[in-house]
**Student:** 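Here's a structure for you.
Just so it is clear: chains get the letters A, B, ... in the order the sequence lines come, proteins before strands, and each one is counted from 1.
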2 protein chains.
Amino acid sequence: MRSYGQLCSVAKALDVLGDRWTLLILRELLIQGPCRYTDLANGLPGIASNLLSERLRNLETSGLVWREAAPPPVATTLFHLTERGRAAEPVLVALARWGTPLIADAAPDDAIRAHWVPFSASVFLRGRDPGGVPVTVQLHTPLGSSVIEITTDGVTSRAGAADEPDITLEGMPQVILRLLAGELTVAEAEEQGLVLRGDPALLDAFHLAPA
Amino acid sequence: MRSYGQLCSVAKALDVLGDRWTLLILRELLIQGPCRYTDLANGLPGIASNLLSERLRNLETSGLVWREAAPPPVATTLFHLTERGRAAEPVLVALARWGTPLIADAAPDDAIRAHWVPFSASVFLRGRDPGGVPVTVQLHTPLGSSVIEITTDGVTSRAGAADEPDITLEGMPQVILRLLAGELTVAEAEEQGLVLRGDPALLDAFHLAPA
DNA sequence: CGGCATCCTCTTTGATACTG
DNA sequence: CAGTATCAAAGAGGATGCCG
């Protein structure tokens, strides 16, 4: 990207992060952890191969990503975030929070990946203490199941199922996200097909907790 | 901007905010408040006039900006942020925090504007309670003077001088920013020409306060 | 002067095909 | 698997002109 040439921290950040696809590549590495090239391509439907390759090179030069090259005969490269790359997480969290209302009017043919859901959902739980941590939130969508775990150390999300979730949400990603974002009440979400098990009061605790 | 076509809140946010210049236009409106076209052009050195005009139109259709048209003979248009536009502030703050280390290796011919300084500086004081609020920080740079005020309501910045600042920092923007970011100690900043008046312990209070 | 619209050139992106 | 190569289309940058 061409530099804005402005002595301003926002402009300097955008000089590095502002290229098309760049922040979405960071999203993938933050959610999925170390990725192969094809894992990235798969998590970024629509990206052209030459762009992915070029962006990864730029991110490497900027010090956000490093590549671990396994020697032949394994011959697979793993792309990792550096500390500096992980430091961009608050940018993605802020974008995800701001972007959630836009989920409501998504195009019907939008691409979707199972691992996006727990991340988008978890951004509303970050920095909020609902009281009785640790809390485990189990999500079930037609795409698969995932778990969000809130501990004193922070919020993590992963695919799979938890042993004893405090609350379980089953439904379409759009509905779950808008519920967690506080855009829908539990009643409204249930009208849209959400099935909730566990203590609904826990959701209120999230929204009332200091951000 | 062409949509990413992904059902993910980050991608949806970038569909609206990801165009070149768009976030910097929001920066200007957040810092300066309602602006005329030429105020914006002035705060965005390097932007082409047709791009500014097009971006403003897009921001208007996306509901982030509205224009107040003063009727002739005044005949000046004021561009305002909507509530939704102001809601993007956390994105700018996250970018500014991440971008501050990049200020250190700025090009010598980078453009600079006086009103960028207190905003970039204030992002490190947001969400932190140094204890004895309200706190007033006075900045003096070769470009002009500005004030950052931290109250229980939040953090604001403005041009000008305060009556009784708790702390005064005088020096180059780069040095002030890196000091507030915690990248420089007071001693290191003073080596680089910073003059500090008031209680230096206040700075430690900022950095030790919970984020 | 303020707020653009037009025209032109150059760069970036996108889609697809191909390779070690 | 992890990319290059190629080429068409879209977008950005810069200059200038226009109109109240």
**Student:** Over how many whole Å does the gap from Leu51(B) atom CG to dG11(D) atom P extend?
**Tutor:**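 About 11 Å, once rounded to whole Å.
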
**Student:** State whether the side chain of Thr82(A) and the backbone N or O of Gly63(A) hold a donor-acceptor pair below 3.5 Å, judged by distance alone.
**Tutor:**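 Yes; at least one donor-acceptor contact below 3.5 Å.
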
**Student:** How long is the gap from CD1 on Ile167(B) to CG on Leu139(B), to the nearest 0.5 Å?
**Tutor:**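 Taking CD1 in Ile167(B) and CG in Leu139(B), the distance rounds to 10.0 Å.
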
**Student:** State, without any angle test, whether Thr61(A) and Arg57(A) hold a side-chain donor-acceptor pair at a distance under 3.5 Å.
**Tutor:**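 Looking only at side-chain atoms, Arg57(A) and Thr61(A) do not form any donor-acceptor pair under 3.5 Å.
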
**Student:** Kindly state which residues belonging to residues 28-50 of chain A come within less than 4.0 angstrom of DNA chain C, counting heavy atoms of the residue only, listed by number.
**Tutor:**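 When residues 28-50 of chain A is checked for heavy atoms under 4.0 Å from DNA chain C, the hits, listed by number, are Gly46(A), Ala48(A), Asn50(A).
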
**Student:** Which residue is it: Asp105(A), Ile103(A), Thr141(A), Leu179(A)? I am looking for the one with a side chain to side chain contact (heavy atoms under 4.5 Å, CB included) to Gln174(A).
**Tutor:**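 One option only clears the test, and that one is Ile103(A).
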
**Student:** Quick one: list whatever passes side chain to side chain contact (heavy atoms under 4.5 Å, CB included) with Ser49(B), sequence neighbours left out.
**Tutor:**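 Partners of Ser49(B) under the side chain to side chain contact (heavy atoms under 4.5 Å, CB included) test: Tyr37(B).
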
**Student:** Could you tell me if the side chain of Thr136(A) sits less than 4.5 Å from the side chain of Asp163(A), heavy atoms only?
**Tutor:**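 They are not in side-chain contact.
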
**Student:** Quickly work out the Phe79(A) CZ to dC1(D) P distance and round it to whole Å.
**Tutor:**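 Taking CZ of Phe79(A) and P of dC1(D), I get 13 Å after rounding.
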
**Student:** Tell me which pairs pass side-chain hydrogen bond (donor to acceptor under 3.5 Å, both in side chains) where either residue lies in residues 13-23 of chain A, with sequence neighbours left out.
**Tutor:**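 Pairs touching residues 13-23 of chain A that pass the test: Ser3(A)-Asp15(A).
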
**Student:** What is the distance, to the nearest angstrom, from the CE atom on Met1(B) to the C1' atom on dG14(C)?
**Tutor:**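 From Met1(B) CE to dG14(C) C1': 13 Å.
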
**Student:** Hey, can you pull the residues of residues 53-62 of chain B with a non-hydrogen atom under 4.0 angstrom from DNA chain C?
**Tutor:**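 Residues of residues 53-62 of chain B under 4.0 Å from DNA chain C: Ser53(B), Arg57(B).
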
**Student:** Could you check which residues of residues 2-23 of chain A get a heavy atom under 4.0 Å from DNA chain C? Sort them by number, please.
**Tutor:**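 Residues of residues 2-23 of chain A under 4.0 Å from DNA chain C: Asp19(A), Arg20(A), Trp21(A).
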
**Student:** Which of these passes side-chain hydrogen bond (donor to acceptor under 3.5 Å, both in side chains) with Glu170(A): His140(A), Gln138(A), Arg197(A)?
**Tutor:**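 Considering His140(A), Gln138(A), Arg197(A), a side-chain hydrogen bond (donor to acceptor under 3.5 Å, both in side chains) with Glu170(A) is found only for Arg197(A).
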
**Student:** Please check if the number of heavy atoms outside Glu164(A) that lie under 6.0 Å from its CD is greater than 12.
**Tutor:**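 It does not: Glu164(A) CD has 12 such atoms or fewer within range.
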
**Student:** Write down the distance between CG (Leu78(B)) and P (dG2(C)), rounded to a whole number of angstrom.
**Tutor:**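 Going from Leu78(B) (CG) to dG2(C) (P), I get 12 Å.
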
**Student:** Applying side chain to side chain contact (heavy atoms under 4.5 Å, CB included), can you list everything that pairs with Glu28(B), at least two apart in sequence or on another chain?
**Tutor:**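 Counting only residues at least two positions away or on another chain, Glu28(B) forms a side chain to side chain contact (heavy atoms under 4.5 Å, CB included) with Gln32(B), Leu40(B), Leu44(B), His115(B), Trp116(B).
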
**Student:** A side-chain contact here means heavy atoms from C-beta on lying under 4.5 Å apart; do Arg158(A) and Pro118(A) qualify?
**Tutor:**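 Answer no - side chains too far apart.
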
**Student:** How long is the line joining CD1 of Ile25(A) and C1' of dA2(D), in whole Å?
**Tutor:**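 To the nearest whole Å, that distance equals 14 Å.
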
